[in-house]
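Okay, so here's the structure we're looking at.
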Amino acid sequence: MARIEVSGTALTVYVEGLDKLWALKSQLEIPLSHVVSAAIDPDLSISKFEWQLRAPGTSWPGLIKAGTYYGQGKRVFWDVHDPKKAVVIRLVEDKYNELVIEVDDPQDTVAAIQKAVAAR
């Protein structure tokens, strides 16, 4: 799981616990100008994305997907155990095209990101 903080200029993802090991990252800092949108995807399924090339990261089907993945021309950072608690953050002009992050409160997280994007 991760914690997301939004400031006036950046979106910061803090990877927590053992997920630091699985994702091989402890933190991502994304300029807020690179954030296009954030949403909850009710159809998100870890297994739906198993075809992606993992480099580097960890994947145990139905249990965890963490790290950097490539597929369909996209580079996506994942940190998800429970897809129902994941948010999908779309980016432009960044090394990642998307972030798929599990958080404690997806609705509040999406609202905070959308508010920051609208305010910039």
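Within the cation-pi definition used here (under 6.0 Å to the ring centroid, within 45° of the axis), R75 qualifies as a partner of Y96. Both cation-pi conditions hold for K65 and Y69: the charged atom is under 6.0 angstrom from the six-membered ring centre and inside a 45 degree cone around its axis.
L91 pairs with exactly one of N97, V35, L11 by the side-chain contact (heavy atoms from CB on, under 4.5 Å) rule, that one being V35.
Between S7 and L32, the closest heavy-atom pair is O-CD2, 3.5 Å. Here the closest heavy-atom approach between residue P56 and residue L24 is recorded as CB-CD1, 3.2 Å. Across every non-hydrogen atom of V15 and A23, the tightest pair is CG1-CB, 4.5 Å.
Legend: side-chain hydrogen bond (donor to acceptor under 3.5 Å, both in side chains) pairs involving residues 22-38, not counting sequence neighbours, sorted by first then second residue: H34-D94. Pairs passing the salt bridge (Lys or Arg N to Asp or Glu O under 4.0 Å) check and including a residue from residues 6-19, sequence neighbours excluded, read R3-E16.
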Can you list the steps and then say if I101 with I4 is a side chain to side chain contact (heavy atoms under 4.5 Å, CB included)?
CA-CA 9 Å; I101 308 293; I4 295 176; 4.0 Å; yes
Start with the C-alpha gap between T68 and V76, add the side-chain angles, then the distance that decides, and say whether side chain to side chain contact (heavy atoms under 4.5 Å, CB included) holds.
CA-CA 6 Å; T68 301; V76 181; over 6 Å; no
What's the verdict on side chain to side chain contact (heavy atoms under 4.5 Å, CB included) for V100 and F77, showing C-alpha distance, side-chain angles and the deciding distance?
CA-CA 6 Å; V100 184; F77 180 80; over 6 Å; no
Would you please test E98 and R90 for salt bridge (charged side-chain N to carboxylate O under 4.0 Å, His left out) and show each step?
CA-CA 5 Å; E98 293 180 344; R90 288 184 175 71; 3.4 Å; yes
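We find the CG-CG distance between D79 and L99 to be 10.5 Å, quoted to the nearest 0.5 Å. Once rounded to the nearest 0.5 Å, the distance linking CG of D41 with NZ of K84 reads 13.0 Å. Note: E102 CD to D82 CG = 5.5 Å, rounded to the nearest 0.5 Å. Separating the CD1 atom in I30 from the OG1 atom in T12 is a distance of 8.5 Å, to the nearest 0.5 Å.
Grouping the Ile, Leu, Val, Met, Phe, Trp and Tyr side chains by contacts below 4.5 angstrom, directly or via other members, places L28 with V117. Linking Ile, Leu, Val, Met, Phe, Trp and Tyr residues whenever their side-chain heavy atoms come within less than 4.5 Å leaves W78 and M1 in two separate clusters.
A search for side-chain contact (heavy atoms from CB on, under 4.5 Å) contacts involving D108 returns D105, not counting sequence neighbours.
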